[in-house]
Amino acid sequence: MEPEQGDRVRVITDSAVYEGTLMPGITDHIIIKLSNGYNVGVARDAQIELIEKRPPISQKPVEAEETIEQGWRDDLPTVAILSTGGTIASRVDYRTGAVTSQFTAEDILNAIPELREIANYRSRVVRNILSENMRAEYWIELARAVAEEINNGADGVIITHGTDTLGYTASALSFMIKTPVPIVLVGSQRSSDRPSSDSAMNAICAASVAVSDIAEVCVVMHGSTSDDYCLIHRGTRVRKMHTSRRDAFQSIGAAPIGRIEYPTCEITTFDDYVRRGEREPELHDEMEPKCALLKYIPGASPELLRFCSLSGYKGIVIEGTGLGHVSSDWIPLIEFTTSRGIPVVITSQCLHGRICDRVYDTGRDMLKAGVIEAEDMLSEVALVKLMWLLGQRLGYEEVCAAMKENIAGEISESSGYGTVNHL
Ligand code: GLU
C-alpha cells in the first residue's frame, strides 16, 4: 500500500535511514517529521516503506460553540478557557502539515489530562488567529468575553494566545478590566507535537494560577529552559524577549508577581498583588485604534510626525533614545502635533529605566513642545494605554495627566537597576 500523509514511514537513502511521519511534500522531495520534531527532506526517488497507518483525525468545526467538559466535579472551581489561536494545545494536521488548534474543553483535556485535577472547564473560541493578526477591535471582543465569563461565575479565566503579541493583549486587558478573579494569558513557543513542547506545562501552571488568589491579568510561561517552573508576569510588565526559547517571556522594570513550581504547582509571590474578591468586576472596553508607535532612529525624518497628524492619528508614542530623546529637528513637528490636540508620549529604547527629559537641552525643549514622559512604561504598554485613555473620551489634558499615573502596575515609583545582562 502506498504510504499517505500522516503515516509513519521509513525512508532509505544511499547514506541514511530515517523514520518519521510523512508530511505534505514539494514535488521532488519527500518530507518526514522526525520524532525530535524536526523535518528532513529527501529526494523523491528514495525507497519508502510504510511502518504504520496514521490514526484517524477528527473533523472539528473551526468556530466551536461554548463547550463544557464531561465528568464535572462539584468539589473543583470553574475555569473558563477562551481561545484566540496560537500554538498552545495545538496539534499537527498531517493532511496539511499545519498546526491546528484544539478548541473544545474535551479536546484540551484529552491533550492535557492533568488539567482535570485542577478545575472544571468550559471553553469557547473567541478568535482563531495567529497573534500577529490581533488588533484593538479583537481586544474589545476578548475583554467582553472575559467579563461575561466572570459575570457567569467563572472562578478564573485562561486565555490561550499566540506568543508574538501576547504582551500587547495582556496589557490591553489590564486596562480594560478590573477583575475579582485571575485572568491568565498563556501561550507556547513549541507546538505539542514536539518533544520540547512547553504547552502542557504552561497550561497546567496557568490553570493553577487561574484558581489561585492572584486576581490580576497575568501571563504564565516557562521561567527557565528546564521544565521546572513558570513565572507569573504582571500583564503590563511582560515582554517576549526571545524568538524561540521557552523562557522567552520576562518581566521588565518590575519583579514578576511570582513563580509556580512544576509539577507541584506551588506558588511563591515576589510582589504585592490584588487578591481574589478584593474588587468588583468593571469593564471599560473602549479603545482608540488609530494610534502610532514610532521608533526614533539616528537621522529619522520628523515628517513621520506630520504624516501621522495629518492622516487622522489620535495619539503618538515615540520610542526615543536614552532618557527619552529625539533629534532637535523633531521638536517643531512635536509642537505641530501637540498643538493639534494629539498627545505625543515619549518612551525609551533602553527597556530598563525611567524617562527624564529634564537633564539635557533636547529633552527640555521636547517638554516645552508638549511631550509626555512615559515614566518607566514599556513602549508597547504606553501605546496600549494611550489607545485605552483616548477610547475613554477624556480631554487632551486629562489624557496627558493619566499617562503619567499608574493604573494597572505599568508605572513603578522606583525603577531600580533593572535586570540588564541577566542571561
Ligand atoms: N506567530 C504565531 C503567534 O504568535 C506563533 C505561534 C505562537 O506563538 O503561538 O500566534
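First listed ligand is number 1; within each ligand, the first listed atom is number 1.
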Considering heavy atoms of the protein only, find what lies nearest to [atom] and give residue, atom and distance to 0.1 Å.
| atom | value |
| --- | --- |
| atom 2 (C) of ligand 1 | E132 OE1, 3.4 Å |
| atom 8 (O) of ligand 1 | T163 OG1, 2.5 Å |
| atom 4 (O) of ligand 1 | S131 OG, 2.6 Å |
| atom 7 (C) of ligand 1 | T87 OG1, 3.1 Å |

Measuring from the heavy atoms of S188, does anything fall under 4.0 Å of ligand 1?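 The answer is yes, since S188 has a heavy atom less than 4.0 Å from ligand 1.
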I want to know if ligand 1 touches T165 in the polar sense, i.e. an N/O pair below 3.5 angstrom.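 So ligand 1 has no N or O lying under 3.5 Å from an N or O of T165.
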If every non-hydrogen atom of L390 is compared with every non-hydrogen atom of K314, which pair is closest and at what distance?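 For L390 and K314, the tightest heavy-atom pair comes out as CD1-O, 3.5 Å.
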For a quick test of reading the model, state the closest non-hydrogen atom pair linking L386 to I316 and the distance between them.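 For L386 and I316, the tightest heavy-atom pair comes out as CD2-N, 3.6 Å.
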Between [Y] and [X], is there a side-chain donor-acceptor contact under 3.5 Å, judged purely by atom types and distance?
| X | Y | value |
| --- | --- | --- |
| H284 | E282 | yes |
| S412 | R237 | yes |
| Y296 | S327 | yes |

By number and element, which atoms of ligand 1 are closer than 4.0 Å to a non-hydrogen atom of G86? 9 (O)
Relative to the ring of W139, is the ring of Y168 parallel (under 30°), tilted (30 to 60°) or perpendicular (over 60°)?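 Y168 vs W139 ring planes: parallel.
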